[in-house]
Each structure stands twice: as C-alpha cells, then as structure tokens.
Amino acid sequence: MALSIDDRIAITDLINLHGHLVDRGDFDGLAALFTADVVYDVSALGGGVLTGLRAGREAALALGERNPVAHHVTNIVLHDAGDGVVRALSKGFGVLTNGTTGSVTYDDTVERTAHGWRITHRIVRPRRTPLHE
C-alpha cells in the first residue's frame, strides 16, 4: 500500500523536528521522534552504535561544547518498505561553534507505532569527500 499524503507529512515533520529538539537540548522531546530502544549508529563519526534514548542523551552531553549549534535537514526521500515500515533518506548539515559546517546523510528506518510514526534505526554517515561512490 502506498504511503498516504498524511503519512508523508507526518514522517517528514518527524525528521524535521530532530534539529529543533537537539539544538535546544530537549532530550525528553526526542521520545516523540524515536522509539525508546532506537539504534542510533554514529560509528562513522567515531561515536559507535548507541542503543536507546538514554545512550543518545549521554553521548550528546559528553560531547558538550563540541556539539553543533545548529542541525539542519533537507532532501528527504521516503520509500514505503511495507508492513508499516518506511525507509527515509535525508541530508543533514551541522553548524559548529566556530562557524564551520559538516554534511551527513541520515539513513532512517521509520515504523508506525501505537504512538504514531517513530524512528527505530538511524545511521549517520558523514560526507567528507566530493563525488565518491
């Protein structure tokens, strides 16, 4: 079954809300985006694979001032994988305190839960070189 327009808007809003919450340190609000047992893979950034909301919170707090001051997301592409599962691919960039930026790709698995759409698995891959396969 194809994704409805309402589902597409809800999932896009979900992905877009991430930056607003993390930039203001609203870790409790992340429960509206991720399942409690989310797998958040930042191993390509040197952070390993984090499991659960608490692990994500602890990792962000440990980074302290090294966290970006702004997270932005764009180019969201959704693919209905069936059975209430959607694969979402998006581009993100972060602005650091010194004004430099970095680019990543978010590869998300989003599932319909009793509480609405939630991200169950996210892989963050940095973009450090142009035009590579």
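Because the structure is predicted, anything quoted here is derived from the model rather than measured. All residue numbers refer to positions in the sequence shown, counting from 1.
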List for me each residue that meets side-chain contact (heavy atoms from CB on, under 4.5 Å) alongside Arg112, sequence neighbours excluded, and say none if there are none.
-> Asp7, Trp117
Give the table of side-chain donor-acceptor pairs shorter than 3.5 Å for residues 92-105, with sequence neighbours excluded, one pair per line with atom names and distance.
| residue | atom | partner | partner atom | Å |
| --- | --- | --- | --- | --- |
| Asn98 | OD1 | Thr100 | N | 2.9 |
| Asn98 | OD1 | Thr100 | OG1 | 2.7 |
| Thr105 | OG1 | Lys91 | NZ | 3.3 |

Scan for salt bridge (Lys or Arg N to Asp or Glu O under 4.0 Å) pairs involving residues 99-110, sequence neighbours excluded, and state none if there are none.
-> Arg87-Asp107, Asp107-Arg125, Asp108-Arg122
Interatomic distance, Asn16 atom CG to Ile76 atom CD1 [nearest 0.5 angstrom] | 4.0 Å
Quick one: name the residues clustered hydrophobically with Ile5, using the 4.5 Å side-chain heavy-atom rule over I, L, V, M, F, W, Y, and just say none if it's on its own.
-> Ile9
Does Tyr106 have any ring pair (Phe, Tyr, Trp, His ring centres under 6.0 Å) partners at least two apart in sequence or in another chain, and if so, which?
-> none
Where Arg118 and Thr113 come nearest, the two heavy atoms and their spacing = CG-OG1, 3.8 Å
Residues forming a side-chain contact (heavy atoms from CB on, under 4.5 Å) with Glu111, sequence neighbours excluded | Val85, Thr109, Thr120
Show me the side-chain donor-acceptor pairs of residues 28-52 shorter than 3.5 Å, one per line, residues at least two apart or across chains.
| residue | atom | partner | partner atom | Å |
| --- | --- | --- | --- | --- |
| Asp28 | OD1 | Arg57 | NH1 | 3.4 |
| Thr35 | OG1 | Asp37 | OD1 | 3.0 |
| Thr35 | OG1 | Val38 | N | 3.4 |
| Asp41 | OD1 | Ser43 | N | 2.9 |
| Asp41 | OD1 | Ser43 | OG | 2.5 |

Validation: residues 66-74 side-chain donor-acceptor distances under 3.5 Å, sequence neighbours left out:
| residue | atom | partner | partner atom | Å |
| --- | --- | --- | --- | --- |
| Asn67 | ND2 | Ala60 | O | 2.8 |
| Asn67 | ND2 | Gly64 | O | 2.9 |
| His71 | ND1 | Asp23 | OD1 | 2.6 |

Does one hydrophobic cluster hold both Val124 and Leu14, with members joined at side-chain heavy-atom distances below 4.5 Å?
-> yes
